[in-house]
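Down below is the structure, laid out as structure tokens.
All residue numbers refer to positions in the sequence shown, counting from 1.
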Amino acid sequence: MRCTRRPAGPWTLAALADTAGVSRTTLAERFVKVVGTPPLTYLKDWRMTLAADLLAESTSTVAAVAHQVGYADAFGFSTAFKRFHGVNPTECRTACRT
């Protein structure tokens, strides 16, 4: 089970640490030291970047993209997407295609 193959997986710090074979504390400390952000912050950022790419490159609905990146519903996804990117998913799709 690898995060890069399953971005929508139910990833928690405990699951990531288990996959890496270390404790949660060790994972968090090493991750911040190497990457510069906590693991779950990185995961959220990666999912939002992936979502923007999916919106720009596919005809999938917002709900389908939300599901692909780990959100249960389009409303929660749209709120998080707008907080991260500054525009809602539909506006992002339109801007990326022009």
Out of curiosity, does [Y] fall in the hydrophobic cluster containing [X] (side-chain heavy atoms, cut-off under 4.5 Å, transitive links)?
X: L27; Y: W46; answer: yes
X: L13; Y: V32; answer: no
X: Y42; Y: Y71; answer: no
X: M48; Y: L43; answer: no

Side-chain contact, heavy-atom cut-off 4.5 Å: [X] with [Y]?
X: V65; Y: F77; value: yes
X: V62; Y: F81; value: no
X: K82; Y: V87; value: no

Next item on the list: Count the heavy atoms of every other residue, nucleotide or ligand shown that sit under 6.0 Å from NE2 of H67, and state whether that count exceeds 12.
Entry: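 Open: at most 12 neighbouring heavy atoms sit under 6.0 Å from NE2 of H67.
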For the atom pair [atom1] ([X]) and [atom2] ([Y]), what is the distance rounded to the nearest 0.5 Å?
X: T79; Y: N88; atom1: OG1; atom2: CG; result: 10.0 Å
X: L54; Y: T49; atom1: CG; atom2: OG1; result: 11.0 Å
X: T61; Y: R93; atom1: OG1; atom2: CZ; result: 8.0 Å

Margin query: Can you tell me which residue among S60, P7, S58 is in a side-chain contact (heavy atoms from CB on, under 4.5 Å) with Q68?
Written below: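 Answer after filtering S60, P7, S58: S60.
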